[in-house]
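Just below is one structure, and these are the notes that go with it.
In listed order, ligands and their atoms are each counted from 1.
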Amino acid sequence: MPAAKIYYDADANVSCIKGKKIVFLGFGNQGAAQAQNIRDSGIPNEDILIANREDAYAEDARQRGFTVTDDFESAAKVADVLFLLIPDQVQPRVFNERFVPTLKEGCTIVVASGYNVFYKLLNIHPTSNVVMVAPRMIGSSVRSLYEKGKGFPCFVSCEQDATGNALEIALAISYAIGATKAGAIESSVREETAMDLFAEQALWPNIIVLFQQAFSVLKDAGCSDEALCYEMWMSKEPAEIFERAAEEGFISQLKHHSTVSQYGQLSGSLRLDGSALRKHFEDILHNQVLNGKFCKEFSKIEEDLEKKGDENPLEQLYKKAEASELGQAEARVRSRLQSSS
Ligand code: NAI
């Protein structure tokens, strides 16, 4: 694999989006941050339109001086650039039903996640550009880092170039939201989706199970719930370790630990045979993520996610996880902490 290109401010020509109508579908985490950054980068307020259903997000956009409409069909007619910044699971329904029929020819569709484009859930017309500008940050950080004059990590890609300058538009957008200041990394919807879903479906589930099993073994050996919760995560030690890993290096952050700890961690990890885990990881990546199996499963339950209580599949999963030994112990510890405060 060749090294990925990294685009900086000097690679962007923001004038290619000046004078264009920029429509944000959604004013939530990413929408609010990116719309404000773009406006502060010199795109006139009258060229920005927030397409939002009537809810608290629409009100927030109005309060911040943006023009807001819930007439998506008319917004589609005027959009030169259309940001899809509503939750991934509702994008196909809203975009396909309410934007596609009236979408302006030559419009550039911007996604902040690869999911719907990689799994081909959006009905993209051949005359549209499709680009990905995907910040690796939550929206509040996209805004606060911009306000501090700093950039943030971001993936950028051109997925369909109908007008011949889709990448130029993607880079102009990356610049205007403040991403090229830190360097926007060339990627693709396949790469972004593979890494994102792999982390969510392989890496973090294993970390959850590691913590649950470690908790259980230490509890059986006589450790208290209180001591375990603090030792394992409530002290924020894992958060600090990852912060140092990001700043100094995944391995070299170990040098902040005691010698006993450094020796234990390095010798222990080098002794472990990761081959079974690797097989399991490969299975998830190829037979669940890349082949679209998870996407199909998720599409089936997507509408149920708006239901309340036990009919909501996510609520059911939360209930199960909270009933685990670790979940129950933590609830007990936290309720005692609250009652003593
Ligand atoms: P969000 O959950 O903050 O979205 C809220 C917005 O969606 C509001 O404007 C709301 O009115 C609208 N909305 C919600 N349900 C709707 C429906 N049924 N019909 C019409 N509008 C509806 O979304 P978020 O988290 O900003 O995600 C947007 C995109 O950005 C997604 O593709 C996500 O993967 C991506 N992304 C999100 C990050 C984050 O910080 N949350 C980080 C990087 C990318």
Atom indices of ligand 1, in the order listed, that fall short of 4.0 Å to a heavy atom of [X]:
X    : answer
D88  : 31 (C), 32 (O), 33 (C), 34 (O)
S113 : 32 (O), 34 (O)
Q91  : 31 (C), 32 (O)
N52  : 8 (C), 9 (O), 11 (O)

Would you say [Y] and [X] are linked by a side-chain donor-acceptor pair, where the criterion is simply a distance under 3.5 Å?
X    : Y    : answer
Q91  : N116 : yes
N13  : E168 : yes
S252 : E248 : no

Counting heavy atoms only, name the option from [options] that's nearest to [atom].
atom                    : options              : result
atom 11 (O) of ligand 1 : V94, D55, V133       : D55
atom 4 (O) of ligand 1  : G26, P87, C154       : P87
atom 36 (N) of ligand 1 : Q89, M137, Q30, M132 : Q30
atom 41 (N) of ligand 1 : L85, V111, N29       : N29

Flag the pair Y119 / Y115 as yes when their ring centroid distance falls below 6.0 Å, and as no otherwise. yes

Centroid-centroid under 6.0 Å between F66 and F27 rings: yes

Is there a nitrogen or oxygen of F27 sitting under 3.5 Å from a nitrogen or oxygen of ligand 1? yes

